[in-house]
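Note sheet for the following structure.
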Amino acid sequence: MTTLTWPNPKLMMSQHLEVLQGYANRAVLKQENLTLSETEDRVRRIRQFFGIGHSFGVTEKELVHLLFKNIYSEEGV
């Protein structure tokens with residue numbers, strides 16, 4: 001099995017989280033469609049986000065919670 005290493009995994013995870021939350025906000029709350037390049041970027045970022053999160057021992061449930069926690073709190077849900 002190959003082990004991936006990131007130069008600064010916490011910073012990369014934070015950057016991915018910010019962008020992914022923006023995509024989620026647009027897709028879920030605003031009902032907007034992402035462009036093809038945004039969709040491809042989203043898929044790449046999700047894979048890396050989950051990969052980094054798992055390397056820190058974060059569960060899938062906790063990672064999903066991180067992605068969506070601010071989305072629904074903005075709407076008062």
Side-chain heavy atoms of L63 within contact of M13, under 4.5 Å = yes
inquiry  = For R42, give me all partners under side chain to side chain donor-acceptor pair (under 3.5 Å), at least two apart in sequence or on another chain.
reply    = none
request  = Grab the two heavy atoms, one from Q21 and one from L67, that are nearest each other, plus how far apart they are.
outcome  = CG-O, 3.2 Å
inquiry  = Would K10 and N8 count as a side-chain contact (heavy atoms from CB on, under 4.5 Å) here? Give the steps.
reply    = CA-CA 6 Å; K10 289 181 183 179; N8 187 338; 4.1 Å; yes
query = With L36, which residues qualify under side-chain contact (heavy atoms from CB on, under 4.5 Å), at least two apart?
reply = E40
task = Report the distance from atom NE2 of H16 to atom OH of Y23, rounding to the nearest 0.5 Å.
result = 11.0 Å
query = Out of curiosity, E18 CD to Q15 CD, how far, rounded to the nearest 0.5 Å?
reply = 8.0 Å
message = Going by the rule side chain to side chain donor-acceptor pair (under 3.5 Å), which residues pair with R26 if we only count those two or more places apart in sequence or in a different chain?
response = E32, E38
remark   = Scanning both residues in full, the closest heavy-atom pair of L66 with L17 reads O-CD1, 3.6 Å
key: Set of salt bridge (charged side-chain N to carboxylate O under 4.0 Å, His left out) partners for E62, sequence neighbours left out   = none
ask   = Can you name the side-chain contact (heavy atoms from CB on, under 4.5 Å) partners of A24, sequence neighbours left out?
value = F68, I71
key: salt bridge (Lys or Arg N to Asp or Glu O under 4.0 Å) contacts touching residues 45-61 (sequence neighbours left out)   = D41-R45
